[in-house]
Amino acid sequence: MKTEFIEYLDNLKYYDKAHHSRLLHASKIAVAEASQGCLEKLNDLFFDFPFYYDIPVDHESKIICVVPQSKKERWIQKYANLIAQGDFELTYDNGHPHITAGVATADKVSMLNADILITACVDLLDETSNLKKEVSEFFGLQTLLAKYQHDASAMKKIICHIVYSYWMEIVTVNLGMIAIKSDCNVVQLECLTGFSKRLLLDKKEFTPFFMVSIAEYEEKYSTLDFSVYLRDLPADRISGVMHISTNRIDDSEDINN
């Protein structure tokens, strides 16, 4: 199934050329460094990639978004609502930031991030939970994948780092930029970012929340039927409320990155 993301990739070279950007060059560097054994460099695979962009088509501007319009608007609105609620609290313990939020807010953050992660899986992975051919060919990942094809643990790390990069670089960073343009509360935005990152990464290791989100995709959404529905509907609308562990999400080593 060709998702909006594949069309996004298909047209990205035109955007890259028109804006004289170095997106694709930076991605090649990330892949090269990963091929040398630094798999965590794949966290930067989508560094600076836009959430949506426009290209000229028949003398008119066409908007290309990584997800359908309905999902784009839903994520932007949910993100803005979380910032506007303003109940994130930032304190310091021996100079280390400590972020807390109410239970209801924490649940909403968890659900939004789970929806983004599972959408990333639908866009990046095939029905066998391996990287789609279009994705590996676009980024020139064939050599890297061949190198680790018999190392299940390394292959899992490759996929997790790429899914994380989608979540962070394409979606989360851009949602933050959109919020800033709307004159949001920057402190609450930074707290939301730190709170969300703590859900996914803990001392450079993927958290149970992150891994369970990936498992939710493999178990429930990797079939074509579910993938089609997920183009427009959030995960919890399809299978009921997702129960994902959110333990250890109230701290952040760095709320600004």
Exercise. Kindly check if the number of other-residue, nucleotide or ligand heavy atoms within 6.0 Å of NZ (K17) is above 12?
Key: no
Quiz item: Is the closest side-chain heavy-atom distance between L117 and F210 below 4.5 Å?
Solution: yes
Practice problem: Using distance alone, with no hydrogens and no angle criterion, decide if T128 and N130 have a side-chain donor and acceptor under 3.5 Å apart. | Solution: yes
Quiz item: Taking only residues two or more places apart in sequence or in another chain, which ones pass salt bridge (Lys or Arg N to Asp or Glu O under 4.0 Å) with E169?
Solution: none
Quiz item: CG/L131 to CG/L145 distance, rounded to the nearest 0.5 angstrom?
Solution: 6.0 Å
Quiz item: Strictly by modelled atom types, are N81 and Q85 linked by a side-chain donor-acceptor pair under 3.5 Å?
Solution: no
Quiz prompt | Same apolar cluster: L124 and L23, side chain cutoff 4.5 Å | solution = yes
Quiz item: At what distance, to the nearest 0.5 angstrom, does CZ of F206 lie from CG of L201?
Solution: 5.5 Å
Exercise. Under the salt bridge (charged side-chain N to carboxylate O under 4.0 Å, His left out) rule, what do K62 and E7 come out as? Steps first, then yes or no, please.
Key: CA-CA 12 Å; K62 179 180 180 181; E7 181 182 8; 3.0 Å; yes
Practice problem: Using the test side-chain contact (heavy atoms from CB on, under 4.5 Å), find all partners of E89 that sit at least two apart in sequence or belong to another chain. | Solution: T100
Self-check item: Over-ring placement of K72 relative to Y52, 6.0 Å and 45° cut-offs
Solution: yes
Self-check item: D10: salt bridge (Lys or Arg N to Asp or Glu O under 4.0 Å) partners, not counting sequence neighbours
Solution: K2
Quiz item: Relative to the ring of F49, is the ring of F46 parallel (under 30°), tilted (30 to 60°) or perpendicular (over 60°)?
Solution: perpendicular
Quiz prompt | For E40, all residues meeting salt bridge (Lys or Arg N to Asp or Glu O under 4.0 Å), sequence neighbours excluded | solution = none
Quiz prompt | Contacts of E73 that satisfy salt bridge (Lys or Arg N to Asp or Glu O under 4.0 Å) - sequence neighbours left out | solution = none
Quiz prompt | Donor-acceptor side-chain pairing of S222 and E127 below 3.5 angstrom | solution = no
Quiz item: With a 3.5 Å cut-off and no angle check, do the side chains of T207 and D202 form a donor-acceptor pair?
Solution: no
Practice problem: Working to the nearest 0.5 Å, report the span between OG1 of T119 and CD of E4. | Solution: 10.5 Å
Quiz item: Can you tell me if N43 and S165 form a side-chain donor-acceptor pair at under 3.5 Å?
Solution: no
Practice problem: Using the test side-chain contact (heavy atoms from CB on, under 4.5 Å), find all partners of S35 that sit at least two apart in sequence or belong to another chain. | Solution: V31, L144
Practice problem: Could you label the plane-to-plane angle of the Y15 and Y53 rings as parallel, tilted or perpendicular, counting under 30° as parallel and over 60° as perpendicular? | Solution: tilted
Quiz item: Would W75 end up clustered with I63 when hydrophobic side chains under 4.5 Å apart are linked, directly or stepwise?
Solution: yes
Quiz item: Is it true that K156 and E218 have a side-chain N and a carboxylate O under 4.0 angstrom from each other?
Solution: yes
Quiz item: Are any of the side-chain heavy atoms of K133 and F138 separated by less than 4.5 Å?
Solution: no
